[in-house]
Amino acid sequence: MVTANGTAEARKALPVYSARHRLVEVVKTSPCLVLVGETGSGKTTQVPRLLLEAGLAAGGAIACTQPRRIAAVTVAQRVANEMGCKLGSQVGYCVRFDDRTGPDTRIKYMTDGMLLREALLDPLLQRYKVVILDEAHERTVATDVLLGLLKAAAAGRPEGDLRLVVMSATLDTQKLTAYFQGSQAAYIAGRQYPVQVMYTPAPEESYVDAAITTALQIHCEEGPGDVLVFLTGQDEIEACERLLTDRAASLPPDPARLSLCVLPLYAALPPEAQLRVFERAAPGSRRVVLATNIAETSVTVPGVRFVVDSGMVKARAYSPRLGADCLQVVPVSQAQARQRSGRAGREGPGKAFRLYTEAAFAKLAPSTAPEILRTNLSSVVLQLKALGVRDVLGFDFLDPPPAPALVRSLELLLALGALTREGDLAHPIGTSLARLPVDPMFGRVLMASAELGCSEEALAVIAMASTDPVFQFPREKREEAAAAHARFASREGDHLTALAVFQRFVAQPRKQAAAWCREGFLNARSLAKARDIHAQLRGHFQALGLRLASCGDDATPLRQALVMGLFSHAARRQPGGTYRVLATGQDVALHPSSALARAGGARSGVPAVDAVVFGELVRTTRTYARDVTAIDINWLPQLVPNFFARAAAAGG
DNA sequence: GGACAGGGC
C-alpha cells in the first residue's frame, strides 16, 4: 500500500536538504519547530535523519509519530534502507502488535496512539530528545492530546532537553506558533501538479446519479487517465458499480474509445480486491475507481488524472443528545474537497469535478473539525487523569473540547467507578481501565467479568466488539449469507453471537481459516484482528492480576458483566416496538443486522426482548442500536445502584 | 425493513 505521503522515487529530490541548515538551526535554537511540508517534500523520511546527523538525539532517541500504522512501517523501512542499516537497529518502528525497535534505535517511527500509550508509563517522555508529530494537520485525537502533553513535558524537563517538531501539510501555522511559545515556522516545497476544478452549474438532485453521469462524460470526452470517484460507503459504491457498468455497456459503440474498468475501493474490501487498484490500467482501457474517503489519505491510487467529488462523506460524530457515537453522511469540508481534488494532480495536471455548485462550496466549513471536538471523550479524559492531569477542563488543548462534553465523560467515568467523587483516578478500577486498550465501558465489562467468573468469554466478546463488523452480505448471495450467519445466532443477542463466531474461528486450523471465513460469509481480516486484540487484552488482563475463568454455557454472568460496563447504553422496549435509552430518554430501533431485531416479529416465534444494552448507535434513516444484548431490567438497580438509584426509587 | 466512513491503543 502507498501511504499518504508516499513520495514517489522520482520526487525524492531534495527540497528538505536544501533547507537543512535552516531547519537544524531552528530546532537547535527554539523549543519548537512548526514545519509545513507540502505533498512530496520528503519531510517524513528526511527530517528525522537530518536531526540525528546534527547530533540532536544525543543521549536519547527521536520519535516520529504517524496517524497510520502502514505509514510508520513503510517509512521506517525506507529510511533504514537509505541509511544502509537493518530495520530495528538504528531505525525502527513501533505500532500495535508489532515492535521493530532495539536498544540501538535512534529514529523510531511510531503511531501517535503508541506514543500516547508510552506517555502513560513515562509522562515526560524522557527517552526522547526530539519528538516529531507528523501529519499534524490530520488532527487525530492522539495527536491533539500529545500536543498538550508535549508542551507540558517540555516545560517539565530542563530547558532544551526536549525538542519538538510539528509537521503539517497545510499553511495554517499561526495557530500552532501561537500555541507553542517561542516556536518558529518553516516551509518546504513539494511537488504537485495543477488541478483544474469544475463545479456543477446547478445543485444535483442525486449525487450518485451525477457521479455516474460525470464519470461517463469524462470517459467519453477526456483524454487518457483514470477516474477516482469519492462516495460515502460500501452499499453506495456497489450500487454505483452496477449502474456504471450497465450504462457503459449501453453506450453507442465507438472504436476510438477506451474500454472501461470499474473498481470498488473501501476498507472492508478483501485484500486481494483492494490490491487491484494498484495495478495500472491495461493498454486501451480506463479505470474508474469508486472509493470512500480511504482514498483521501490512506491509499494513493496510481494513474488518476480525474477526480469526481460527491461532496459527501460518512463520518462518525459524538451526539451529546444521544449520548453516543453516531455514524452519518454529512457534507465534506473545503479542506477535504481540496484534498480530494489534489488526488488528480499526483502524476500530471488533472481535473476535478465537484458535484455541487461553487456557491455550495463557499458555504462548506473551511476545515473538518478536529476529531477531539466531535468524539466521545471518556478514553481521553481517563488517559489524562492517568497522566496526572487533575484539572481536565483546564488542560491546555490546542482546541479545547466543549466543557459539557468533558463533564459528561467525567460523569460516565465516575459512574463506571474509574474516578473518585473528588475526580481522582480510583484504584483499582480507574488505573486498570487506563491501561486496557479499549473504551472504558468495555474495560469495565472486562473487570466485572473477572468478578463474575466469565472473563474468558468477556475477553472474546470485547475483542469482537473492538474489531470491524464480521458478517458480510454480498448482494447477490444474501440468502445464502443469512443462512450461514444463522448458525451463530444467539437468542440472547449480538455479543453472544459474536462470541460463537470467535470461538469457532479460533478453533479452525490456521490453514483452513480463510476458506472457513469465505464459506461462512465472514470477514477474515476482522476476525484476525479480533484474535490479535484478544491475545493482547488477555495479556493485560493477567498483568493486572485479574482472574481468568469461564462461565461455560450459562451466559447470565456474561450478560451481567456487559450491563456493568454498558449500563449507560441500556434501553427498554416501548409499546411501539422502539427502545428508549434510559440514560437519555432517546428512542432508538434495533439495527436490522442484530440477532434480536427479528424477535417479536409475527413469524419469528420468539417474543421481543424487554430490555437491552447496546454497543453503539448508527444513524441512517433512523437511529439504530447495534451490538445488542438482552438483559433483565431488574439487573440495572442491582448491578449499577448508583446510576439507577433514582430510577429505582421512582419505581422506574 | 435495512446494512459496514477512515484511523488508532
Side-chain angles (χ1 to χ4, degrees), chain A residues 3-4 65-72 94-99 110-121 135 138-146 230-239 265-269 291-299 310 312-317 325-330 332 336 339 368 371 375 379-380 382-383 386 433-440 442-443 466-475 478 481-482 485 521-523 525-526 529 532-533 536-537 540 577 589-594 597-598 601 616 618-622 624 626-627:
Chain A
T3 62
T65 71
Q66 299 292 325
R68 281 171 291 279
R69 297 163 51 94
I70 187 80
C94 182
V95 299
R96 191 181 193 181
F97 309 130
D98 195 4
D99 181 359
M110 61 204 303
T111 46
D112 48 11
M114 196 53 109
L115 186 60
L116 193 55
R117 281 280 152 191
E118 281 191 10
L120 286 175
L121 303 173
E135 312 289 354
E138 291 196 24
R139 299 294 302 273
T140 64
V141 172
T143 289
D144 267 24
V145 175
L146 283 169
F230 283 100
L231 295 166
T232 66
Q234 181 178 342
D235 244 27
E236 198 173 272
I237 285 169
E238 284 173 358
L265 177 62
Y266 46 86
L269 202 66
T292 60
N293 46 341
I294 192 174
E296 262 173 38
T297 52
S298 302
V299 173
S310 66
M312 303 301 280
V313 63
K314 199 179 278 187
R316 188 180 293 275
D325 271 344
C326 209
L327 201 61
Q328 53 187 330
V329 173
V330 294
V332 296
Q336 229 172 338
Q339 174 72 19
T368 312
E371 205 185 351
T375 191
S379 274
V380 168
L382 183 66
Q383 305 257 319
L433 294 195
R435 284 187 55 186
L436 292 167
V438 289
D439 186 283
F442 288 160
S466 307
T467 191
D468 298 316
V470 297
F471 290 129
Q472 295 177 327
F473 315 92
R475 192 175 291 257
R478 277 162 64 167
H485 297 162
F521 298 93
L522 302 168
N523 186 327
R525 192 202 287 143
S526 299
K529 185 173 161 187
D532 288 342
I533 295 172
Q536 190 187 38
L537 287 176
H540 280 290
L590 299 189
H591 196 281
S593 66
S594 170
R598 282 168 299 278
E616 62 175 357
V618 180
R619 189 179 186 84
T620 50
T621 48
R622 301 170 72 181
Y624 289 106
R626 211 154 62 183
D627 294 348

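Everything numeric in this text was worked out from a predicted model, so none of it was measured.
- Residue A:Thr111 places none of its side-chain N or O atoms closer than 4.0 Å to OP1 or OP2 of B:dG7.
- Taking A:Arg69 as the reference, A:Val95, A:Arg96, A:Phe97, A:Thr111 meet the side-chain contact (heavy atoms from CB on, under 4.5 Å) condition, with sequence neighbours excluded.
- A donor-acceptor contact shorter than 3.5 Å links the side chain of A:His485 to the backbone of A:Phe521.
- Atom CZ in A:Arg475 sits about 13 Å away from atom C1' in B:dC4, given to the nearest Å.
- In this structure, A:Arg525 atom CZ and B:dG6 atom P are separated by 9 Å, rounded to whole Å.
- For the pair A:Asp235 and A:Gln536, nearest-nucleotide mapping onto DNA chain B gives the more 5' position to A:Asp235.
- At the heavy-atom level, A:Glu371 lies under 4.0 Å from base atoms of the strands shown.
- Contact annotation: A:His540 side-chain N/O to B:dC9 OP1/OP2 distance is not under 4.0 Å.
- When distances run from any side-chain atom of A:Phe471 to the nucleotides B:dC4, B:dC9, B:dA3, the shortest one goes to B:dC4.
- Within 4.0 Å of A:Ala142, counting heavy atoms only, lies no atom of the nucleic acid at all.
- If you check B:dC9, B:dA3, B:dA5 against the side chain of A:Arg626, the one that comes closest is B:dA3.
- Nucleotide B:dG2 holds its P atom 11 Å from the CZ atom of A:Arg478, rounded to whole Å.
- Counting non-hydrogen atoms under 4.0 angstrom, A:Val141 reaches nothing in the nucleic acid.
- The side chain of A:Ala268 sits closest to B:dC4 out of B:dG1, B:dC4, B:dG8.
- Atom CZ in A:Arg69 sits roughly 11 Å away from atom C1' in B:dG7 (whole-Å rounding).
- Side-chain nitrogen and oxygen atoms of A:Thr292 include at least one within less than 4.0 Å of the OP1 or OP2 phosphate oxygen of B:dG6.
- At whole-Å resolution of the value, CE in A:Met114 and P in B:dC9 are 6 Å apart.
- Here A:Asp468 lies out of heavy-atom contact (under 4.0 Å) with every strand.
- Contact annotation: A:Arg117 side-chain N/O to B:dG8 OP1/OP2 distance is not under 4.0 Å.
- Counting only heavy atoms from C-beta on, A:Arg68 has its side chain closest to B:dG7 among B:dC9, B:dG7, B:dC4.
- A:Leu120 CG to A:Arg435 CZ: the interatomic distance, rounded to the nearest 0.5 Å, is 9.5 Å.
- With rounding to whole Å, A:Phe442 atom CZ is found 18 Å from B:dG8 atom P.
- Residue A:Phe473 places its side chain closer to B:dC4 than to any other of B:dG7, B:dC9, B:dC4.
- At distances below 3.5 Å, not a single donor-acceptor pair connects side-chain atoms of A:Arg117 with backbone N or O atoms of A:Asp112.
- Per the geometry, NZ belonging to A:Lys314 stands 15 Å off P belonging to B:dG7, to the nearest Å.
- Residues satisfying the side chain to side chain donor-acceptor pair (under 3.5 Å) test with A:Gln328, not counting sequence neighbours, are none.
- For the pair A:Glu616 CD and B:dA5 C1', the interatomic distance rounds to 12 Å; values are reported in whole Å.
- Under 3.5 Å, the side chains of A:Thr232 and A:Glu236 contain a donor-acceptor pair of N or O atoms.
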